[in-house]
Structure formats: structure tokens, C-alpha cells
Amino acid sequence: MGSMSNNQVGAAVEELQGRATELTDGFHLLMDALELNGIKNIYGLLGIPVTEVGRMWQARGNNFFSFRNEQNAGYAASVAGYLTKKPGVCLTVSAPGFLNGLTALSNATTNCFPMILISGSSEREIVDLQQGDYEEMDQLNIARPFCKASFRINRPEDIGVAVARAVRTAVSGRPGGVYLDIPARLFAQTFSAEEGRKSVFAPIDPAPAQIPAAEAVKRAVDLIKGAKKPLILLGKGAAYAQCDNDIKALIEETGIPFTPMSMAKGLVSDTHPQCGAAARSMVLQESDVVVLVGARLNWLLAHGKGKTWGNTLKKFVQIDIQANEMDSNVPIAAPLVGDIQSCVNALRAGLKGMTKPVEWLKAVSEKASASRAKLAIKLKTPTPAMNYFNSLGAIREVLQTHPNTMLVNEGANALDNARMIIDQYLPRHRVDTGTWGVMGVGMGSAVAAAVETGERVVAISGDSAFGFSGMEIETITRYNLPVTVIIMNNGGVYRGDEPSPKHQISCMQFNPNTRYDLLMQAVGGYGVRVTTPEELTKALEESLASGRPTLIDAIIDPAAGVESGRIGNLNVVSQIGKK
Ligand code: OXK
Ligand code: ADP
Ligand code: TPW
Ligand code: MG
């Protein structure tokens, strides 16, 4: 330093001090890390200690979608994860906010959707001694059994690695939910900005391809080649995998009929000549070899056995990334563990030039065409009060001319009939109640579907289902999202005509005079009540043309529904007093 003048020394010292005082804090590091990982949208509900995150996130030019209940924000985040293959992020306050969000995190994990729930938490010293802190709760441990991993960040320098680890955990292998616990004091804790910059990163290849073993591929290929009546069964894992063209190619190259699980509808169009959706019972019962692509043999598939499967044990080829999904219910003849894209392409290579099951496909397609023709008549049959067939028939026709529309669907009869009646033409354009059959996913899913895809959204909800998340119509109108909510209003759960016991209202009924259309008007949207298929057609066409937030209250015959829709067989009923 001998050759420096006093002035130069002063400037150098000042610069060093300046660098030393350039600070960042927990708030900024968290946002830096999320942005670096490609997160643009946060769904949440603010308050102590996370309020400032929302404000600062918006100030940085990102989107914060404020909900009226964390559960709905969480459902939105999980659907964002499903649609984009990146974790959807939900932000909540401590204890009660966290718990509201946890339902959605658990649902995301159950459905294999990647999601990160970030909640602020109270002071650990106080929480751990149960001294009654503000919104005290041991969130880290409570979350653990409901998700893939539960992490807490204790130091600002760990924020980068924690977010990277949360992202990788959510999207790798079988996707699912991750909980990230951030103690209040961490947000304001300062840290060297330079060190901070070095500490945040995005993981390289967070969801690596997992190549199936050659002998596993050969086993599957041999089985499929030897089949007389093969079937490809597509699940929402296949839709999630975003290798739509490879899956379509597998189907077309082999000539094997396919049938989709509900959220896989449209992965290959419902109107594709090989689609056996309208011959579902037949294909499940009569097929001999079934190729499961991203679908679990859980309750939705009758656990792979029994009447649904023609009382015979099928030879299953199962493609799944989760090794211990194999044999979960019945023995799997040809397990194919790996990512769907790699497995499907390995099968394609092995099956090249295989003899197509022409006769079998013909039988399936004849059955499907006959079912579709039979249903078409019901969809056009007028009734004094609208039923599920003619109302959904009207919706179906309108959506035929708007194939890009995202469909959200919940309810019992409103769910099952819409799934059956409304064709899907494009991958990942249907979001519903999923693996749990959970009511209340509707409005959160609708928000995420609109935000993440930029497409028009139609949400068809039973009147009960709608009630679980109905207040979010304010969220929909606030952000001016192109969402049309159609309430299939039969005045109750399953039906609206259940007799009431003396001096009571039936436990299955709602107030039949409820004006859902006026609720929508009250929050600034367009609301209309319809009682005929013609009125429904007109209202839906207008709403799709305008793109404005709309609620159509469709009055359905209270006697039209059946208990639990198509899963009435799962109802437990008392044996006492019955013959
Ligand atoms: C399908 N079908 C058609 C068509 N599509 N016919 C004509 N045209 C078209 N386009 C036929 C199909 O072949 C079946 O008839 C029937 O319609 C029903 O089809 P689908 O696909 O809906 O099949 P099914 O048997 O109902 O499927 C089983 C299921 C599904 C369990 C996978 O029901 C499902 O995803 N359910 C979710 C239910 C749920 O979560 N509910 C939550 C609320 S209730 P056949 O003659 O071939 O059989 C609840 O929680 O409590 O009450 C509660
Ligand atoms: P559905 O309800 O439509 O039958 P499930 O949710 O039961 O579908 O099954 C989805 C399956 O897909 C899960 O077992 C999950 O592990 C699997 N999965 C998800 N993504 C991938 C992927 N990229 N590669 C392989 N399997 C996947
Ligand atoms: C979180 C149980 C299944 S379906 C349903 C309930 C309450 C409502 C059916 O009535 P809706 O549809 O929506 O009016 P419709 O057309 O048949 O009349 N709580 C949760 N999830 C579930 N599945 C339930 C309760 C249920
Ligand atoms: Mg109802």
C-alpha cells in the first residue's frame, strides 16, 4: 500500500466497507431462490409473518394470487404443478393458515402432483416449550406424514439449498408435496449479499430420466406381442409426463385400443378411433394383457381384481416411476419401472412391426360407437326439468367448438355424468377430484388452470361441491380470469328431493331458493340462472365469447341424481331393520 496516496487509501477503505455492508435478508434470498427456479406465480394468503413476501414478490414483477382460504390457494398450487411439471408454490401464515394449506399439500401428494407449501412459523424456543406463542404449532413435524418431505430453514445461508432441495424432491421420482417451514425471524435476518448470491441455485436436471432395464422391456414386449386382446390404460401420470406424441405413437403403431382414467381423458382424443372409453366395462373385462401407463391399481380400478376385471387375473404390464407401486394390489407380470417417456419409447422400439389386434379393436370400436349413439339420444331428450343428460349434452355441444377449453369438474352426479358425457380433445385439459374424490378443488383448480394455461376455463360443479370453495368467485372476478362456473344445482348432495324428518331439514338438502347467480353478481361477475338446455347453451356461448368471469346457475331436477353417482356401491349401509 506504500505507493497509495491518502486519498486512494481512503477510497479503498470506503469501498471495502461498502461491500461489507451490502446486505441481503431472508425475504430477498427466498425470492431470489424461487425466481431462479423458474417460479413466477405464488398462490397464497398473507398475514404475520409472511405479508412482506407477497408485497415484495409483486414489486419484483411476479404474480401473487391472493385467495380467501389457504385450502383453495393450495389446490391452485397443486394444479399448477400438475399442468406445468414444476412445483406449484403456496404461501401461508402459521398454524391455522398452515393447516388449511396442509389439506391441499396432502391431496397433491396423494395425486402425485409436485407442490411446495411454504408457511411462516412462530419462534421455536417458545413453540417447543409450548409457552403459547402467537399461532403456535410444531408445523415441521405435523406436516411430515402428509408429504414427501418436510424441511425447516434455520439460517439465511441455507435458503438456497433448501429451495433447491424442495424443488428436486417435489418433481423427481414420483412427484408430490414438500413442506418448507420458515421461522418468522429468518425473514428479516441479514446476510452478506455476495455470499447470498452464491448460495442460491437451481438444481441441474431435477427430474432425471429413469431408463427401464433391457430385460424388463423385453418381458413387457413379449407379453404384449403374445396378447390376443391387449389394452392400454392411461392414467394421469401419463398426462403429467408431457410426452403426448410418444404415447399417441405407441397407440397408433401397435393398433391397441386404449381407455383413459378421468384426468387422462384427452391425452389421446376421446374421439380417436382406438378410444375405448365408451366401452369401458367391456375392455376391462375382456382384455387379456393390460398396459398400465401412469395409473395405479387403486380403488378407482377396483384394485385390479374382481367383477370389474371379468373375475380373471389380467396379465399387467405396469409403467411407473415408483418401483414399489408394482404388486401393490395384484401381481404384475411385467413391471416396467422408469419414467413414462423412456418406457413408452423402449416399448415402441421393441414392438415395431407387431401384428395389430385388428379383430379385437374392431369389436371395441363397435361397442364404443353403439354406446355413444345410445347416449346421444339421451343427451337430446327434453324433460320438464333439466336432468344431467340434457344439461350436460348442451354443454358438450358448445365445448365441441371450443376444444382448447380447460375443464374443471367436481360433485358426485355432476362429476360422473360430465366425465362420461363431455369429450376431451387435448392433453391435460381436464382437472377433477382426483385420487381422493375430494370436493372443494373446483375454484382453486379453475384459477390455476386459467393462470397457468391462458385458456378459457369451464368449471362444472355440483351445488354442494361448489360450496366448499365458492367464495373464490371473488378471487376469479378480482383477477378478471376467463372462468365460467356452471353449478349443477339440484338443491342438495346427490339429490334435492330427500324427504325431511319432522321439524328438521334433511341432512342431504340445501335451501332450494339459493341464488348462486346473485352471489356472482355481488362480487362483480356476471351471473345468470338457466332452466333449459337452450338457455344453458346461450349462456355458455356468451360467456366463452366474452371471456368475462361468469357463473351459470343451472337448475337441475332435484330427482335426477343418484346416491354417490356411479360409486354408490362404496356406500356403507346399516343392516339393522333390513331384510
Ligand atoms: C364413457 N361411457 C360412455 C362414454 N364415455 N358412453 C357413451 N359415450 C361416451 N362418450 C360409458 C362407459 O363405457 C361406462 O359404461 C360408463 O359410461 C361410465 O364411464 P366412466 O368412464 O365414467 O366409467 P366408470 O365405470 O364410472 O369408471 C369408474 C371410475 C370412475 C371409478 C374410474 O367412476 C371415476 O373416476 N370415479 C370418480 C368418482 C369420484 O371420485 N366421486 C367423488 C364423489 S362421490 P360401461 O357400460 O362400459 O360401464 C363421493 O365421494 O361420498 O359420494 C361420495
Ligand atoms: P389415475 O388416477 O389417473 O389412475 P394415478 O394417480 O393413480 O393415476 O397414477 C399416477 C401414477 O403415475 C403414479 O403411480 C405415479 O408414480 C406415476 N407417475 C407420475 N409421473 C410419472 C412419470 N413421469 N413417469 C412414470 N410414472 C409416473
Ligand atoms: C372434502 C363427500 C362426495 S360428493 C359430495 C360430497 C359432500 C357432494 C355431492 O353433491 P353435489 O353433486 O356436489 O351437489 P350432485 O350433482 O351429486 O348433487 N367432503 C370432502 N370430499 C368429499 N368427497 C365429501 C365430503 C361428498
Ligand atoms: Mg347437488
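All ligand and atom numbering here is 1-based and tracks the order in the structure. Every value quoted in this text rests on a predicted model; they were computed, and no experiment measured them. Throughout, residue positions are numbered sequentially from 1 according to the sequence presented.
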Would you call [X] a ligand 1 contact, heavy-atom distance under 4.0 Å?
X: Gly565; answer: no
X: Lys374; answer: no
X: Ala302; answer: no

Distance-only donor-acceptor check, side chains [X] and [Y], under 3.5 Å:
X: Ser369; Y: Glu366; answer: no
X: Asp553; Y: Asn489; answer: yes
X: Glu252; Y: His272; answer: yes
X: Ser506; Y: Ser500; answer: no
X: Asn324; Y: Gln322; answer: yes
X: Asn571; Y: Ser564; answer: yes
X: Glu452; Y: Thr84; answer: no
X: Lys236; Y: Ser262; answer: no

Is the closest side-chain heavy-atom distance between [X] and [Y] below 4.5 Å?
X: Gln71; Y: Ser469; result: no
X: Leu407; Y: Ile460; result: yes
X: Gln575; Y: Val573; result: yes

Suppose we measure from [atom] to each protein heavy atom; which comes out shortest, and what is that distance?
atom: atom 30 (C) of ligand 1; value: Arg419 NH2, 3.2 Å
atom: atom 27 (O) of ligand 1; value: Arg280 NE, 3.4 Å
atom: atom 44 (S) of ligand 1; value: Ile567 CD1, 3.6 Å

Identity of the N, O or S atom of Asp463 lying closest to the Mg ion (ligand 4):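 The Mg ion (ligand 4) is closest to the Asp463 atom OD1, counting only N, O or S.
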
Taking 4.0 Å as the limit for heavy-atom contacts, which would you say applies to [X] with ligand 1: side chain only, backbone only, both, or neither?
X: Ala368; result: neither
X: Leu300; result: both
X: Leu415; result: side chain

Has Gly492 got an N, O or S atom lying less than 2.8 Å from the Mg ion (ligand 4)? yes

Answer yes or no for Tyr494: is there an N/O/S atom below the 2.8 Å cut-off from the Mg ion (ligand 4)?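 Here the distance criterion (N, O or S atom, under 2.8 Å) is not met by Tyr494, so no.
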
For ligand 1, is there an N or O atom under 3.5 Å from any N or O atom of [X]?
X: Arg566; answer: yes
X: Ser371; answer: no
X: Ser262; answer: no
X: Trp299; answer: no
X: Ala278; answer: yes
X: Ala412; answer: no

If you count heavy atoms of other groups shown closer than 6.0 angstrom to [atom1] of [X], is the number above 12?
X: Lys148; atom1: NZ; result: yes
X: Lys315; atom1: NZ; result: no
X: Lys248; atom1: NZ; result: no
X: Ile505; atom1: CD1; result: no

Per-atom contacts of ligand 1 with [X], taking only distances under 4.0 Å to non-hydrogen atoms:
X: Met439; answer: 42 (C), 43 (C)
X: Ser564; answer: 52 (O), 53 (C)
X: Arg372; answer: 7 (C), 8 (N), 10 (N)
X: Thr433; answer: 40 (O)
X: Gly437; answer: 40 (O), 42 (C)
X: Gly411; answer: 43 (C)
X: Tyr494; answer: 51 (O), 52 (O), 53 (C)
X: Ala277; answer: 1 (C), 2 (N), 5 (N), 12 (C), 13 (O)

Of all pairs that satisfy ring pair (Phe, Tyr, Trp, His ring centres under 6.0 Å), the ones with a partner from residues 364-401, not counting sequence neighbours: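 The answer is none; no pair qualifies.
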
Heavy atoms under 4.0 Å from ligand 3: which residues qualify? Tyr388, Gly411, Ala412, Asn413, Ala414, Gly437, Val438, Met439, Gly462, Asp463, Ser464, Ala465, Phe468, Asn490, Gly492, Val493, Tyr494

Indicate, with yes or no, if the rings of Tyr179 and Phe98 have centres closer together than 6.0 Å. yes

Plane angle bin for Phe113 and Tyr82 - parallel if under 30°, tilted between 30 and 60°, otherwise perpendicular: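 Rings of Tyr82 and Phe113: tilted, as their planes differ by 30° to 60°.
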
